[in-house]
Amino acid sequence: MNNFYQSVYEMASKIPKGKVTSYGRLAVLLQSPRAARAVGYALNSLKKDDLQKVPWQRVINSQGKISIKGDHFRASLQRRLLEEEGIVFDENDSIDWDKFGWP
DNA sequence: ATCGTGACGAACG
DNA sequence: CCGTTCGCCACGA
């Protein structure tokens, strides 16, 4: 199916390991600069199977922080996965866009 | 077709 | 840095 979700997943798959981007940035790359919220909605809808195909953990908010709400387990998992890729979180739980930002 | 919703974001105080 | 406010969007009930 060719919907917004699909494009989000495809674009997210282009994020190199060890790098991250924001929902808003991803929206811009998808030619929908104001659909940041929809991007988050799309990633939130990822099914168990797709979780292993799409690097969902490489998408965080514009402030450089994990943005998952509600599911603490999943949130901590995201941080762990990113740290395993070499991404570093500072004392404020945020990353340095100049070092790990993509594109 | 209408309406509520939420892994957003920029602007403020 | 932290919480709040308001605008925006695709999706599904």
Side-chain angles (χ1 to χ4, degrees):
Chain A
M1 48 174 89
N2 288 317
N3 47 41
F4 187 74
Y5 281 13
Q6 199 53 226
S7 359
V8 170
Y9 303 152
E10 291 177 12
M11 189 57 77
S13 297
K14 295 182 179 179
I15 307 173
K17 184 179 180 182
K19 293 287 183 178
V20 294
T21 193
S22 69
Y23 302 90
R25 186 60 189 146
L26 208 47
V28 170
L29 295 177
L30 292 174
Q31 312 299 305
S32 302
R34 288 170 292 182
R37 208 164 184 175
V39 171
Y41 196 57
L43 293 178
N44 179 52
S45 304
L46 279 174
K47 300 307 174 189
K48 192 176 181 181
D49 298 332
D50 306 316
L51 284 176
Q52 303 181 53
K53 303 175 181 176
V54 183
W56 58 276
Q57 74 274 28
R58 296 179 193 150
V59 186
I60 59 184
N61 63 32
S62 65
Q63 297 169 58
K65 309 172 76 173
I66 302 294
S67 196
I68 297 179
K69 299 170 182 173
D71 194 333
H72 291 231
F73 175 74
R74 203 164 186 184
S76 56
L77 169 63
Q78 175 169 28
R79 175 161 178 157
R80 200 192 74 205
L81 289 174
L82 291 178
E83 295 182 316
E84 291 181 315
E85 295 185 1
I87 290 177
V88 181
F89 287 81
D90 61 29
E91 60 284 353
N92 298 308
D93 300 309
S94 56
I95 64 90
D96 184 337
W97 285 114
D98 293 319
K99 295 180 180 176
F100 312 110
W102 178 87

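A, B, ... follow the sequence lines: proteins, then strands. Residue 1 opens every chain.
- Taking atom CZ of residue A/Phe4 and atom P of nucleotide B/dG6, one finds them 18 Å apart after rounding to whole Å.
- In the region residues 27-48 of chain A, proximity to DNA chain C at under 4.0 angstrom, judged on heavy atoms, holds for A/Arg34, A/Ala35, A/Arg37, A/Ala38, A/Tyr41.
- Counting to the nearest Å, the C1' atom of B/dG9 and the CD1 atom of A/Ile66 are 17 Å from each other.
- Between C/dC2 and A/Lys65, a contact under 4.0 Å exists linking OP1 or OP2 to a side-chain N or O.
- None of A/Asn44, A/Ile15, A/Val8, A/Leu51 except one satisfies the side-chain contact (heavy atoms from CB on, under 4.5 Å) rule with A/Trp56; the exception is A/Leu51.
- For the pair A/Gln63 CD and B/dC8 C1', the interatomic distance rounds to 10 Å; values are reported in whole Å.
- B/dG6 atom C1' lies 7 Å from atom NZ of A/Lys69, rounded to whole Å.
- Remark: A/Ser22 is not in phosphate contact with B/dC8, judged by side-chain N or O atoms under 4.0 Å from OP1 or OP2.
- As rounded to whole Å, 15 Å separates atom C1' of C/dC11 from atom CD of A/Gln6.
- Going from atom CD of A/Gln57 over to atom CG of A/Leu77 covers 8.0 Å, rounded to the nearest 0.5 Å.
- Within the 3.5 Å criterion, the main-chain N or O of A/Ala35 finds no donor-acceptor partner in the side chain of A/Ser32.
- Rounded to the nearest 0.5 angstrom, A/Arg79 CZ and A/Ile87 CD1 are separated by 11.5 Å.
- The separation between A/Tyr9 atom OH and C/dA10 atom P is 14 Å, rounded to whole Å.
- Here the side chain of A/Asn61 pairs a donor or acceptor atom with the backbone of A/Gly64 at under 3.5 angstrom.
- Of the possible donor and acceptor atoms, one in the side chain of A/Lys19 sits under 3.5 Å from a partner among the backbone N and O of A/Lys99.
- Judged by distance alone, the side chains of A/Tyr5 and A/Ser45 do bring a donor and an acceptor atom under 3.5 Å apart.
- Atom CG in A/Leu51 sits about 15 Å away from atom P in B/dA7, given to the nearest Å.
- For DNA chain B, none of the residues of residues 83-100 of chain A falls under the heavy-atom distance limit of 4.0 Å.
- C/dA10 atom P lies 18 Å from atom OH of A/Tyr23, rounded to whole Å.
- Rounding to the nearest 0.5 Å places CZ of A/Phe89 at 8.5 Å from OG of A/Ser94.
- The backbone N or O of A/Lys17 lies less than 3.5 Å from no partner atom in the side chain of A/Trp102, so there is not a single donor-acceptor pair.
- Nearest nucleotide to the side chain of A/Ser67, out of C/dC2, B/dC8, C/dC11: B/dC8.
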